[in-house]
There are 2 protein chains.
Amino acid sequence: MAISLKDVAEHAGVSVKTVSNVVNGYRHVTPATRQRVQQVIDELGYRPNLTARHLRKGRTGIIALALPELGNPYFAELADAVINYAAGLDLIVLLDHTYGRRDQEVLFAQGFRARLIDGLILSPIELENEDLLARGHDAPLVLLGEREYEAPYDHIAIDNVAAARTATRHLLDLGRRRIAFIGARHGRSRQPAHLRLRGWRETVTAAGAAADDALVAGTDGYTRRDGAQAMARLLDSGTAPDAVFCYNDLIAIGAMRTLTERGLRVPEDVAVVGFDDIEEGRYCTAALTTIAPHKQAIARAAVDALLARLEGGAEGAVESRRVRPGFALVPRESTLGRP
Amino acid sequence: MAISLKDVAEHAGVSVKTVSNVVNGYRHVTPATRQRVQQVIDELGYRPNLTARHLRKGRTGIIALALPELGNPYFAELADAVINYAAGLDLIVLLDHTYGRRDQEVLFAQGFRARLIDGLILSPIELENEDLLARGHDAPLVLLGEREYEAPYDHIAIDNVAAARTATRHLLDLGRRRIAFIGARHGRSRQPAHLRLRGWRETVTAAGAAADDALVAGTDGYTRRDGAQAMARLLDSGTAPDAVFCYNDLIAIGAMRTLTERGLRVPEDVAVVGFDDIEEGRYCTAALTTIAPHKQAIARAAVDALLARLEGGAEGAVESRRVRPGFALVPRESTLGRP
DNA sequence: TTGAAAGCGCTAACAC
DNA sequence: GTGTTAGCGCTTTCAA
């Protein structure tokens, strides 16, 4: 049996309350008492039982972060940022995977792990508005990422349309006229990619460049393999783009792989832009030009928003926030070529 | 206030015990009662308070997985595997970072988060044997990775020497004679890399190939940047290797980047082998030949070992296990060239 | 400043 | 098959 407050109290000849006061750094304790208690704590190797504390306080200091998957470096890097920032605030982060599956996302949104966690940060892919509205009054929820909802929850996301415009304009500025877009999801109307797709379409259209559907390649998911396959389809269909803007870096990396295999040069024949600024992109043979969302800022905003809800009390108390962290275009070899 | 067992009991006109029985799927409950209780549960939206359950049971069902960092895809992929396998066993995984820093590793080994977690899986980098021996009788601990300790803890790791031999032999078989090793850590004697270094040294020596120290390049860490810098130093020093075996895939990717920048071809001029089989390696311009540790098997072994301790009771009850999951050489373009 | 006692929500004995 | 009760270890009134 482990050592409890009571054990310490008995050994020190004081009450549990006093020990509790010492453990929690309460002010009004005689230095003498404090020292004696502290000594017994050290001797016995007492560790407070967090579970009991949680039960009593009604809060656990644990928040969940539900992401599609860690296999995508963007999410791994983001998770890293959230965990770090939260740790500085004495919050523990419980990481969960949804695999971008609606049933999983609904599970978390509905309050899976209720009362183990104080709140949830969720990055949805397939979740629908109705799923969110059907949510009971559980722990606070903060939404992350490019899906848009009409529900009263805080939402942290960069301006995806603006970022897509920036990326596309960069390609136009380099003289490219047949810019493809890879990553629209097959046959889904309100898909995650629609904001970036819109930014692309608006910009190419405004510039009088090609904007036909033949330049838009769908994918099943968001992996390197999806990118490689989509690029292959694009080339096989005879579309012959001189640039591609990809939904994310992984897709871009897959696309570059296909281009290389087909004997096409990046960027001379086809320029490539990704999205996410994952570390990996910097080490590609043609280092990847990309949109860099400010991950630290995203992490900070998400945790802060959750914390505000936690402190703020009731759901409706504060109006739902819409935070737009910054982003930047990072031009590299995949569009500029080797210096 | 949230709905508790008691609330449900009152509404259903039964005792808390009965509700508890229903919630826990206890057998001996009349179907009629069960149905009535279940209905009230649904109506009221009752969710069991996990914290209270944990306190009562003395177990939380939460295990911690302390890894250096998620930024290394190998660890991200491993974490993914552990989380999934654990979920199937109704275990929640709490992910923590040590950044390969000894103080952080000691913290976890000493029982940080004691009594929040039932046990710990730790992948140490800098941790020393003495740190482990100084450990109190806290939650069970399972060690992961290539560091070796003389302490009574379960240890899961592939046979690193054998794996390094396989990788090196592969290069020898391709006719390479000046095989460099990148990733020995600067000026550390009992460094993590020493097993792989040994495998390399034994194999090149046995083959009568070059094994001089000029072919061994140290790094500060295990990132792409470390690999790029080490490769540059190797080339600048006039060593002129015709192959490199890298401590891990990230280092290999960084090394390939430098080779490309210097106008050297992979594998024609320099063949490259990595270690870890991260997804990223498959999409490099010269797809990376690598050693693939069986991550699923590692994850399974680690969780199983921890679970065995959890069930088995006392620390000394079971002898400490040494599990060696399998590995495989995956030859790709970075040694074989394009088909 | 410190002590005594109640109770957070749940499960495990034990009674009925 | 179901109800009653005690208590997991902690914090928090309320007294002293």
Side-chain angles (χ1 to χ4, degrees), chain A residues 1-38 40-41 44-62 90 111 113-118 138-139, chain B residues 1-41 44-62 90 92 111 113-118 138-139:
Chain A
M1 204 69 260
I3 296 106
S4 73
L5 264 194
K6 206 170 136 204
D7 300 323
V8 178
E10 280 171 9
H11 279 258
V14 296
S15 80
V16 281
K17 175 59 166 54
T18 307
V19 183
S20 174
N21 283 342
V22 172
V23 170
N24 292 293
Y26 203 66
R27 267 194 292 275
H28 307 291
V29 185
T30 335
T33 314
R34 178 182 300 278
Q35 193 184 346
R36 186 152 41 93
V37 172
Q38 188 57 54
V40 176
I41 287 177
L44 266 47
Y46 167 75
R47 299 301 199 98
N49 183 325
L50 297 182
T51 310
R53 183 177 291 175
H54 294 164
L55 175 58
R56 181 62 238 223
K57 298 240 245 191
R59 268 179 59 174
T60 60
I62 304 177
D90 278 326
R113 285 182 186 164
R115 279 176 217 134
L116 167 61
I117 60 173
D118 292 338
D138 271 303
Chain B
M1 200 73 261
I3 296 105
S4 74
L5 265 193
K6 208 171 133 201
D7 299 325
V8 178
E10 281 170 8
H11 280 257
V14 297
S15 79
V16 281
K17 176 60 164 70
T18 304
V19 183
S20 173
N21 283 343
V22 171
V23 171
N24 292 291
Y26 202 68
R27 267 192 292 275
H28 305 294
V29 184
T30 335
T33 313
R34 177 182 301 279
Q35 192 184 347
R36 183 152 42 95
V37 172
Q38 189 58 53
Q39 191 177 336
V40 175
I41 287 177
L44 266 48
Y46 166 75
R47 298 303 196 104
N49 182 327
L50 297 183
T51 310
R53 182 180 290 174
H54 295 163
L55 175 59
R56 178 66 239 219
K57 301 242 254 188
R59 269 180 55 175
T60 62
I62 304 178
D90 277 325
I92 297 174
R113 287 181 184 167
R115 282 180 215 129
L116 167 61
I117 60 172
D118 291 339
D138 271 304

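By convention in this document, chain letters (A, B, ...) are assigned in the order of the sequence lines, proteins followed by strands, and residues within each chain are numbered from 1. Atom set for the values below is all heavy atoms of this structure, side chains included, hydrogens, waters and symmetry mates excluded.
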Please tell me if the side chains of [X] and [Y] come closer than 4.5 Å, counting only heavy atoms from C-beta onward.
X: B:L116; Y: A:H54; result: yes
X: B:V37; Y: B:R34; result: no
X: A:R113; Y: A:I62; result: no

In whole Å, what is the span from the [atom1] atom of [X] to the [atom2] atom of [N]?
X: B:R53; N: C:dA12; atom1: CZ; atom2: C1'; result: 14 Å
X: A:E10; N: C:dA4; atom1: CD; atom2: P; result: 12 Å
X: A:N21; N: C:dG3; atom1: CG; atom2: P; result: 10 Å
X: B:R36; N: D:dG1; atom1: CZ; atom2: C1'; result: 12 Å
X: B:L55; N: C:dA12; atom1: CG; atom2: C1'; result: 13 Å
X: A:L50; N: D:dC10; atom1: CG; atom2: P; result: 9 Å
X: A:L116; N: C:dC8; atom1: CG; atom2: P; result: 20 Å

Would you say [N] has OP1 or OP2 under 4.0 Å from some side-chain N or O of [X]?
X: B:T18; N: D:dG1; value: no
X: B:N24; N: C:dT11; value: yes
X: A:S20; N: D:dT12; value: no

**OP:** Would you give the length of the straight line joining atom CG of A:L5 to atom CZ of A:R53, rounded to the nearest 0.5 angstrom?
**Re:** 8.5 Å
Original post:
From B:T60 OG1 over to B:R115 CZ, what is the distance, rounded to the nearest 0.5 angstrom?
Top reply: 12.0 Å
Original post:
When all nucleic acid strands are considered with a 4.0 Å heavy-atom cut-off, which category describes B:Y46: base, sugar-phosphate, or nothing?
Top reply: sugar-phosphate
Original post:
Under 4.0 angstrom, heavy atoms only, what part of the nucleic acid is A:T51 near: base, sugar-phosphate, or nothing?
Top reply: nothing
Subject >> DNA chain D: 5'-proximal contact among B:S15 and B:R115 (nearest heavy atom) >> reply: B:S15
The side chain of [X] is closest to which nucleotide in this list: [options]?
X: B:V16; options: C:dG9, C:dT1, D:dT4; value: D:dT4
X: B:R56; options: D:dG9, C:dC10, C:dG3; value: C:dC10
X: A:K57; options: D:dT12, C:dT11, C:dG9; value: D:dT12
X: B:T30; options: D:dT2, D:dC10, C:dT11; value: D:dT2
X: A:K17; options: C:dG3, C:dC10, D:dG9; value: C:dG3

